[in-house]
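In this chain, residues are counted from 1 in sequence order.
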Amino acid sequence: MAICHNNQSTLKLISPSPPTTFSKPYRTTSIRCCTTSSINAAPFKALTTDPSPVFASVRTFAPATVANLGPGFDILGCAVDGLGDHVTLAVDPHVHPGQISISQITAANDSVGKKLTKNPNFNCAGIAALAVMKMLDIRSVGLSLSLEKGLPLGSGLGSSAASAAAAAVAVNELFGGRLTVSDLVLAGLESESRVSGYHADNVAPAIMGGFVLIQGYNPLELKRLRFPEEKDLFFVLVSPEFEAPTKKMRAALPTEITMSHHVWNCGQAVALAASLLEGDLKGLGTAMSSDRIVEPKRAPLIPGMEAVKKAAIEAGAFGCTISGSGPTAVAVVDSEERGREIGHRMVEAFMKEGNLKASAMVNSLDRVGARLVSSIPL
């Protein structure tokens, strides 16, 4: 999210920082979690007793996400089906009560697992898990956590958010699902703030599923934007062999923008939200392809990205943009078969114009978000 200050014909963008009270107990934080019908969730209330676990262990999953969607920088994201991270969490008598231990990190790519620390204070899954333990005031048992990375690092698919979401939900489920959705998003947001910045456009849809709009950050206000169930929506995700760390890509953002660009992007963001509520893929694609503030600064840092976007649209995609901070490119279509052909064209463009190998996937919208996969009773 960016805070804009009008300065004659330019707007100065100031990177958001966590509220000064965020590190204090969440019981004092005002939160509203809304659907499009403006149903508000009550803020978290202090528990009077230390809750006991209801399971010996649980296994959870949280999906990948596509954030920004063009003009929705830091305020809009959606969950993607079929990709994500798993967390297995268990009561462990060998871990000090009230603490958590990361016992194992595995990934299809061994180098991913080696890059991640097992120190829970610096691992995104550990940070989120500890935040939920503090919310629940867990003091009598210790927990061990195993993280299975299904997402690559620095891919633009919400890798850190998926780990945080899966861990937050795992702790909550282990103790009977006492917290609200907005509480879990706050726990994930604490993790995100330490590893990639104070923005919820990945972690909110990872937990809630579907499309989520972040209306405000202080207090945190979330709105579900429901894409019609009867409509088909597929994402073509093309990931090059190129790492784009979020912090590096955020550093490339402009500090000032013109008023005309501000007005243009606001119009496109509203059009995007209206189109997805109506199930209008053509309108959604046009809006997501029309960012004039963030994408123009980031695309040149990803070899071949501009050619990839052009190839996707020429091949029949409704729209194409950078997924999150990149380097993955995301296009939207209404047919899985057409999506595979478009993905092939995008892969070719990455190689031809960027000299990068890339892989393509076609995935639908995940409408569920982070969830319990299995459990073992005490």
Among residues at least two apart in sequence or on other chains, which ones pass side-chain contact (heavy atoms from CB on, under 4.5 Å) with [X]?
X	answer
Asn265	Pro71, Asp291, Arg292, Ile293
Val347	Val238, Ala358, Ala360
Met361	Leu83, Leu237, Asn363
Lys297	Pro254

Q. Would you say the side chain of Val203 lies within less than 4.5 Å of the side chain of Ile207, judging by non-hydrogen atoms?
A.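 Yes; the side chains approach each other to less than 4.5 Å.
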Checklist entry - Tell me, do Phe235 and Val333 make a side-chain contact under 4.5 Å, heavy atoms counted? => result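 Side-chain contact under 4.5 Å: no.
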With sequence neighbours excluded, what pairs up with [X] under the side chain to side chain donor-acceptor pair (under 3.5 Å) test?
X	result
Glu173	none
Ser159	Lys149
Ser323	none
Asn172	none

- Within residues 316-337 or reaching into it, pairs that qualify as salt bridge (Lys or Arg N to Asp or Glu O under 4.0 Å) - sequence neighbours excluded: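 For residues 316-337: Asp334-Arg338, Glu336-Arg340.
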Open item on the list: For residues 363-378, which residue pairs pass the salt bridge (Lys or Arg N to Asp or Glu O under 4.0 Å) check, not counting sequence neighbours?
Closed with: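 Passing the test, one end in residues 363-378: Glu229-Arg367, Asp366-Arg371.
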State the CE-CE distance between Met351 and Met346, to the nearest 0.5 angstrom.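 Answer rounded to 0.5 Å: 15.0 Å.
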Exercise. Any salt bridge between Lys309 and Glu295, counting N to O under 4.0 Å?
Worked result: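 Between Glu295 and Lys309 there is a salt bridge, with a charged N closer than 4.0 Å to a carboxylate O.
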Query raised in the report: Is a salt bridge present between Arg345 and Glu341, judged by a nitrogen-to-oxygen distance below 4.0 Å?
Result: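 Result for this pair is yes, salt bridge flagged.
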(request) Can you sort out the partners of Glu348 under salt bridge (Lys or Arg N to Asp or Glu O under 4.0 Å), two or more places apart, ordered by chain and number? (result)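 Salt bridge (Lys or Arg N to Asp or Glu O under 4.0 Å) list for Glu348, sorted by chain: empty.
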Show me the side-chain donor-acceptor pairs of residues 277-286 shorter than 3.5 Å, one per line, residues at least two apart or across chains.
unit_1, atom_1, unit_2, atom_2, d
Asp280, OD1, Lys282, N, 3.3
Asp280, OD1, Gly283, N, 3.0
Thr286, OG1, Lys282, O, 3.0

Strictly distance-based, threshold 3.5 Å: is any side-chain N or O of Arg298 a donor or acceptor partner for the main-chain N or O of Met249?
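Looks like yes, one N/O pair under 3.5 Å.
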* Under 3.5 Å, is there a donor-acceptor pair linking the side chains of His199 and Asp201? ->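 Their side chains do contain a donor-acceptor pair, which is all the 3.5 Å distance test asks for.
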